[in-house]
Q: 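Quick one: this structure, given as structure tokens, is what I'll be asking you about.
Note: hydrogens, waters and symmetry copies are ignored here, and every other heavy atom, side chains too, is used. Values in this document were obtained by computation on a predicted structure and should not be read as measured data. Start at 1 and go down the list; that is how both ligands and their atoms are numbered.
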Amino acid sequence: MNNKYEAVIGLEVHAQLATQTKLFCGDSTLFGAEPNTHVSPITLGHPGTLPMTNKKAIEFAIKMGLACDCEIERTNYFARKNYFYPDLPKGYQISQHTTPICKGGKVKIKTDQGERFVQLNRIHLEEDAGKSIHDIDPNNTCIDLNRAGTPLIEIVTEPDLHSAEEAWQYVTEIRKLVRWLNICDGNMEEGSLRCDANVSIRLKGEEKLGTKVEVKNLNSIRNIKKAIEYEIERMIKEVENGNTIKQQTRSFDANNDTTFSIRDKEEANDYRYFPDPDLPAFVLEEAYIKDIGISLPELPEALINKYQQVFGLSAYDATQLCDEKATTDYFEKVIHHSTSYKSVANWLLGPVRQYLNEQAISFEWFTLSPILLAELIELVDAGKVNFSIAATKILPVIITENKSPLAVAENLQLLQISDSNELEKWVEEAIAAMPDKVAAYKKGKKGLIGLFVGEVKKISKGKADPKMVTELLEQKLQ
Ligand code: ADP
Ligand code: MG
């Protein structure tokens with residue numbers, strides 16, 4: 001980027017709340033149903049129908065607000081945002097206007113430059129619109145109203161981001177957080193998380209914000225980054241060529257990573273907001289908000305610190321374990337049965353994760369009893385089974401057969417042998433196989449010990465206890 005300029009970015013992220021039913025009626029929110037099957041007269045906006053607020057959606061919005069350190073609005077009301085759209089049957093969207101349920105707040109991001117907080121402006125509740133489908137019928141636009149009325153929270157930042165990379169990190173954090181709180185599945189392909197990026201540039205040192213464009217409906221983190229990169233470049237070129245930036249709404253073309261204008265925004269839209277007369281103001285009691293706060297899971301940030309300070313894990317391991325709540329939950333279960341925290345972390349981030357990747361499943365669906373895994377780890381730490389044998393031969397069996405690791409190791413004859421007669425046989429065999437190395441060792445190349453240990457490991461098929469083997473070799477090679 002031309003370093004005369006500074007980019008300024010504000011993001012509006014819409015997260016679909018994982019409630020079973022819609023924001024103002026009992027229609028299902030299930031994704032992927034036959035078009036227009038979850039459409040009661042309320043969803044269809046028939047005259048005379050009355051909305052009723054979904055309490056779960058309010059609870060979910062408060063959860064997000066508390067996790068982001070927002071101030072929770074005590075007296076809330078819903079407002080009608082009036083505009084015409086083919087997939088908005090009522091002619092208005094029910095949203096929040098002057099009383100967003102959460103105000104202010106912040107989200108921590110990590111970038112190459114270090115950690116910092118991104119300031120939020122607000123989080124408000126609103127209903128989603130239906131979906132216009134342009135690519136089924138060549139002559140007509142089809143409309144699916146299943147999504148109409150689905151609860152969303154819109155998380156709005158201050159103009160506080162300054163690069164595409166920061167935007168990437170921010171959305172990654174938001175996705176992680178909504179999943180952690182279990183309030184949104186974070187699935188961008190299915191549209192559960194969508195983002196509008198507001199972008200402007202200004203000369204470095206300038207306080208006043210430049211004219212912004214808004215790139216609408218970005219549906220992957222990659223596209224958010226690409227759209228912002230493209231916009232920043234485009235604006236700099238415009239300004240360098242002596243042109244002014246027009247305030248526009250733009251759309252992203254994923255085929256060539258560019259954006260194009262969909263409309264010029266000459267002046268602010270007038271939505272004629274007014275409080276929805278069918279939905280009386282709702283007042284949130286202090287105790288209710290407090291209870292939700294108590295029900296929040298420990299947040300990743302706090303756990304990452306705890307894992308380093310209390311369990312002595314590295315920052316890398318702690319962060320990896322807290323990348324997804326399911327991984328953390330599993331880790332917490334295993335350490336009920338084992339205090340070898342470092343070993344448990346190594347096992348989860350090593351062999352277990354590899355197994356899950358190969359099976360293309362996530363920790364959420366990992367059914368191995370944590371007790372069995374703790375037993376396996378204990379066998380390895382006690383030197384009874386070799387690590388790689390445990391990982392490749394025993395782990396898959398205990399996962400599929402739910403058997404005791406010790407029984408499996410015995411059954412498959414995988415226990416390490418510490419019987420010195422047997423070990424001696426293997427050690428002699430290894431020594432006999434490498435006379436020149438023995439000579440070199442005796443002349444002082446002590447580093448060759450590893451080679452002999454490796455040879456014994458091979459001959460014994462990994463069953464020889466390496467510590468005892470090393471001792472034996474040192475005696476015999478004197
Ligand atoms: P609008 O009324 O056009 O929706 P808002 O003031 O509500 O605009 O802001 C929408 C988003 O745009 C917010 O995230 C805000 O931080 C961001 N934003 C506002 N002005 C600018 C600007 N000049 N450059 C970049 N982002 C901006
Ligand atoms: Mg906007």
Side-chain angles (χ1 to χ4, degrees), residues 1 4-15 64-65 68 70 73 79-83 85 92-93 95-107 109 116-126 128-129 152-171 173-174 193-218 221 224-225 227-236 238-239 243-252 259 261-273:
M1 180 170 143
K4 253 166 66 187
Y5 299 96
E6 176 187 47
V8 178
I9 302 150
L11 296 180
E12 298 163 273
V13 173
H14 292 90
M64 187 64 176
C68 297
C70 302
E73 176 70 61
R80 291 188 182 177
K81 181 179 180 181
N82 298 282
Y83 63 102
Y85 220 71
Y92 59 85
Q93 178 192 25
S95 181
Q96 293 191 297
H97 184 43
T98 52
T99 61
I101 187 160
C102 314
K103 287 185 291 195
K106 56 190 196 292
V107 173
I109 58 166
R116 77 171 186 90
F117 285 106
V118 174
Q119 298 302 319
L120 298 185
N121 174 283
R122 65 177 188 272
I123 301 174
H124 67 254
L125 271 163
E126 62 184 31
D128 207 348
L152 304 175
I153 44 172
E154 181 174 338
I155 308 154
V156 184
T157 72
E158 292 294 343
D160 189 29
L161 294 148
H162 298 286
S163 68
E165 171 64 21
E166 281 194 346
W168 168 293
Q169 295 301 339
Y170 169 77
V171 180
E173 279 307 313
I174 292 287
L193 211 60
R194 309 191 291 272
C195 177
D196 301 338
N198 299 269
V199 186
S200 66
I201 57 164
R202 63 184 171 194
L203 283 172
K204 273 205 182 134
E206 176 74 62
E207 292 255 325
K208 205 169 149 258
L209 292 172
T211 305
K212 68 166 175 145
V213 302
E214 179 171 3
V215 189
K216 282 275 188 202
N217 266 325
L218 296 160
I221 298 188
I224 294 169
K225 184 159 178 269
I228 294 172
E229 276 167 358
Y230 178 81
E231 265 316 300
I232 295 173
E233 285 292 315
R234 183 187 71 81
M235 288 180 167
I236 291 175
E238 289 282 2
V239 174
N243 301 325
T244 49
I245 307 287
K246 272 195 255 169
Q247 190 180 337
Q248 285 174 330
T249 303
R250 298 177 73 91
S251 189
F252 181 67
T259 68
S261 172
I262 31 183
R263 58 181 174 268
D264 283 2
K265 235 185 189 176
E266 293 302 334
E267 60 213 56
N269 287 326
D270 187 351
Y271 293 113
R272 301 283 161 121
Y273 283 101

Q: Can you list the ligand 1 atoms lying under 4.0 Å from a non-hydrogen atom of Gly210?
A: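 Here the atoms of ligand 1 in question are 23 (N).
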Q: Would you mind listing which atoms of ligand 1 come within a distance below 4.0 Å of any non-hydrogen atom of Leu209?
A: 23 (N)
Q: Considering only heavy atoms, does Asn121 approach ligand 1 within less than 4.0 Å through its side chain, its backbone, both, or neither?
A: neither
Q: Should one rank Lys212, Gln247, Glu154 by closest heavy-atom distance to atom 4 (O) of ligand 1, which comes out on top?
A: Lys212
Q: Using the salt bridge (charged side-chain N to carboxylate O under 4.0 Å, His left out) rule, take Lys204 and Glu6 through it: C-alpha gap first, then chi angles, then the decisive distance, then the call.
A: CA-CA 5 Å; Lys204 273 205 182 134; Glu6 176 187 47; over 6 Å; no
Q: Are any of the N/O atoms in Glu214 less than 3.5 Å from those in ligand 1?
A: no
Q: Short list, please: which atoms of ligand 1 are under 4.0 Å from a heavy atom of Leu11?
A: 14 (O)
Q: Heavy atoms only, cut-off 4.0 Å: how does Asn198 contact ligand 1, side chain, backbone, both, or neither?
A: both
Q: Of all residues at least two apart in sequence or in a different chain, which pass the salt bridge (charged side-chain N to carboxylate O under 4.0 Å, His left out) check with Asp128?
A: Arg147, Arg194
Q: Does the side chain of Asp160 come within less than 4.5 Å of Arg116's, by heavy atoms?
A: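 Yes, at least one pair of side-chain atoms sits under 4.5 Å.
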Q: Can you list the atoms of ligand 1 that are under 4.0 Å from a heavy atom of Glu158?
A: 16 (O)
Q: Going by the order shown, which atoms of ligand 1 are within less than 4.0 Å of some heavy atom of Val156?
A: 13 (C), 14 (O)
Q: Of all the atoms in ligand 1, which lie at a distance below 4.0 Å from a heavy atom belonging to Pro159?
A: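 Counting from 1, the qualifying ligand atoms are 16 (O), 26 (N), 27 (C).
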Q: Got a second to check how far Arg272's CZ is from Asn82's CG, nearest 0.5 Å?
A: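 The CZ atom of Arg272 sits 9.0 Å away from the CG atom of Asn82.
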Q: Taking only residues two or more places apart in sequence, or in another chain, which ones meet Val239 in a side chain to side chain contact (heavy atoms under 4.5 Å, CB included)?
A: Tyr5, Ile201, Ile245
Q: In sequence, state the C-alpha distance, the side-chain angles, and the governing distance for Glu173 and Gln169, and then conclude on side-chain hydrogen bond (donor to acceptor under 3.5 Å, both in side chains).
A: CA-CA 6 Å; Glu173 279 307 313; Gln169 295 301 339; over 6 Å; no
Q: Rounded at 0.5 Å granularity, tell me how far CD in Glu214 sits from OG1 in Thr259.
A: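 It comes to 12.5 Å.
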